[in-house]
Amino acid sequence: MTPNWSQLWTFITNPKDTNTSSISPSPSTLRRIIKSLSLLTFFSILLYALYIHFQPSTIPQTPEIPESPDLPPPSPEDTYKSIYGYPPTNPTIPPLHIHDPSILYDLPTNTYYAYGSGPHIPIHSAPTLQGPWTKVGSVLDADSILPKGDRKAPWAPTALLHDGTFYVFYATSNSGCRDSAIGVATSSTPGPGDWVDHGAIAISGRGERGKQFPFDRANAIDVSVVVDYTDTTQSQRSEGEPSLKEGSDKKPKGKGYMTFGSFWTGIWQVPLKPNLLHMDKQGEEETRVKHLAHEPTAIHPPTKKADGLCGDTTGMHPVEGAFISYHEPWWYLWFSWGKCCHFNPEKLPKAGMDIRVGRSPSPRGPFVDKQGRDLVDGGGEIVYGSNGDVYAPGGQGVLSGEVEGDVLYYHYLNKSVGYEFKEARLGYNYLTYVDGWPVPL
C-alpha cells in the first residue's frame, strides 16, 4: 500500500482538525513512512560523505610572503634633507669667519688658501677644507690703489691661477652705492708677501670711465674671472702689453672673461686681454659685452634717499655674487639671490639669501635654468638655501677637480649664534650632477 502523502501532510499540519480524523494513517502506514524517511536520510548522508571525500579541497592557502631585505636605516643627512629640503652644510672646525670666500688649492704644497672681504684682503690656509684654517697674512700690504670706495677693506675677491701667475680680483665701493671700482693683484705664490696691486680694470658711477657701457648702468663689484681653456686657440699678446713672466714670449692659452655686477641691472661680462690685467675692447660692443643675469622685478622698494648712484630709484633687484664654473659639457653661472647683510633679527626675511644657477654651452651665455628661462629674464635654479641653523648662504664659488668631486662653498650665518656681518662663516657641500644639473650632497 502506497502512503497517501497529501493526507499525511494534512494530518501533520492540522492534527486537531476534526475533519481530518477520517484520514488518519494506520500504524502500518506510519511505519512505512518512517522507514522511507530513514532510508532517505541515510542515502543523503552517504552521498554527502562521498562528495566530501572525492571533492578537492578549495580552502585558500595563505601565500608565502618573501622576506623583506634588511634595508639600512635612513642616514642622518637624508633625514635632515627630508625635513629642510637641503643637505646640512659641512662647517669648518673651528669656524672660519669669512665673507664672500674664494678658495684655491695649491698642488705643490697640498694647501688650501681662502681669500675674503676685509682689511687688505685676508688670507687663510689649511691642509683640508674642514680646517683647521689659520690666518697667514693678507694680499695687500697697504690700502688699495683703486680710486673709489673703502680702499682699506676691499670686497668679494676671486683668486685663480693662470699661466703660472696667481691673481686676486677685488672691488672697492660703499654699501648700497654704484660708485665702484674693480682691481687686480698678482703674485708668484698664493700666500702673502709677494703681491703687486695693478690698479683699476673697470670703474662705474662717477667719472668718464663710469659713463662707458655697461658701467653706466651696472655696479662694478662682485668680480669673478674665468678662463676658457676649452678654446684651443692661443691668444696673441697685444703690442706693448707686458708679460707677467720675464723673458717669456709664449702665447698664453685660453681666453679670460670678467663677470661682475650687483643689484641694479644685474650681472654683466666683458673679455680680458691675455694677461688678464685689462679689458679687451677689440670688436663690436654688442659682441664684447654680455648681459648674463638680472632680476626684472623690484623685490624691495627703493630707499627714501635713493638717487640712482646710492640707491636704485626703481627698487631693489637682488642678484649678485656671480661665479662661473665648468663641468663638461656645461658652463654654470652661479649667483646669490636675496638679502645678504644687515639683518634685523626681529624682522628677518623668510629665507634671507639663496644660491641659484643657470647653464650654457658657452662661458658667454646665454644661461638658462631647468625650465629654459633666461637668467636675464629672472630665471635661476635654486640649488641651496637656508636650512636648520644655516641662514642666508651666498657669496659662493665652486672648487673643481677635487678627489670627491666639485665643491660648492659659500658663507652663511648660524641662526643659533647671530646675524651680524662678522658672524659669517665658511660652509661647503660636495656636488653631484643629475641630468647635467648640480645637486649638493
Side-chain angles (χ1 to χ4, degrees), residues 98-104 106 113-125 135-175 177 179-210 212 215 219-227 237-238 240-246 248 252 256-262 270-281 321 323 395 397:
I98 192 170
H99 211 280
D100 301 312
S102 180
I103 299 177
L104 59 78
D106 183 43
Y113 287 88
Y115 310 81
S117 297
H120 300 165
I121 311 176
I123 305 174
H124 292 79
S125 68
K135 185 176 180 180
V136 294
S138 60
V139 171
L140 304 180
D141 294 328
D143 293 355
S144 168
I145 61 176
L146 295 183
K148 301 269 189 173
D150 184 356
R151 298 185 298 116
K152 179 179 180 180
W155 293 359
T158 290
L160 61 88
L161 173 64
H162 172 63
D163 196 31
T165 298
F166 291 92
Y167 293 78
V168 167
F169 297 85
Y170 66 92
T172 56
S173 187
N174 293 113
S175 182
C177 294
D179 196 28
S180 314
I182 291 173
V184 60
T186 61
S187 174
S188 60
T189 62
D194 189 32
W195 293 88
V196 177
D197 195 354
H198 295 276
I201 300 176
I203 288 176
S204 64
R206 297 186 180 92
E208 288 301 315
R209 294 176 67 179
Q212 300 174 9
F215 302 98
N219 194 5
I221 66 170
D222 288 1
V223 58
S224 69
V225 171
V226 63
V227 180
R237 185 176 298 113
S238 302
E241 180 183 357
S243 170
L244 293 178
K245 288 183 175 182
E246 291 187 15
S248 175
Y257 301 98
M258 182 175 75
T259 305
F260 60 93
S262 175
V270 293
L272 294 176
K273 290 186 176 182
N275 66 5
L276 308 185
L277 299 181
H278 309 280
M279 286 187 288
D280 185 350
K281 297 184 179 180
F323 185 93

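In what follows, residues are counted from 1 in the order of the sequence shown. Computed from a prediction, not measured in an experiment: that's the story for all the values here.
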With rounding to the nearest 0.5 Å, note down the distance linking OG1 in Thr186 to CG in Leu276.
10.0 Å

Would you please classify the geometry between the Phe260 ring and the Phe215 ring as parallel, tilted or perpendicular, with 30° and 60° separating the classes?
parallel

Working note: Ile121 + Trp195, criterion side-chain contact (heavy atoms from CB on, under 4.5 Å); need CA distance, chi angles, decisive distance, verdict.
CA-CA 11 Å; Ile121 311 176; Trp195 293 88; over 6 Å; no

Between Ala220 and Ala171, the two heavy atoms sitting closest are O-CB, 3.8 Å

We want to know whether Asp197 and Tyr170 form a side-chain donor-acceptor pair, criterion being a heavy-atom distance below 3.5 angstrom.
yes

To the nearest 0.5 Å, how far apart are CG in Asn174 and OG in Ser180?
8.0 Å

Spacing of Asp141 atom CG and Asp194 atom CG [to the nearest 0.5 Å]
10.0 Å

Compare every heavy atom of Ser204 with every heavy atom of Lys148, then report the nearest pair and how far apart it is.
NZ-O, 3.6 Å

Non-hydrogen atoms of Ala114 and Ile98 that approach each other most closely
CB-CD1, 4.1 Å

dist Lys281:NZ -> Lys273:NZ (nearest 0.5 Å) comes out at 9.0 Å

So, for Pro147 and Ile203, which heavy atoms are closest and what is the spacing to 0.1 Å?
CG-CD1, 3.9 Å

Gap between atom OG1 of Thr189 and atom CG of Leu161 - 0.5 Å precision:
11.0 Å

Regarding Ser117 and Asp100, do their side chains bring together a donor and an acceptor under 3.5 Å, going by distance alone?
yes

Does any N or O in the side chain of Asp179 come within less than 3.5 Å of the main-chain N or O of Arg206, such that one atom is a donor and the other an acceptor?
yes

Between Thr172 and Arg151, the two heavy atoms sitting closest are CG2-CA, 4.0 Å

Side chains of Tyr115 and Pro190 in contact at under 4.5 Å (non-hydrogen atoms)
yes

Looking only at heavy atoms, which two atoms of Ile123 and Ser138 are closest? And how far apart?
CD1-C, 3.6 Å

Distance check, rounded to the nearest 0.5 Å: Ser224 atom OG versus Met258 atom CE?
9.5 Å

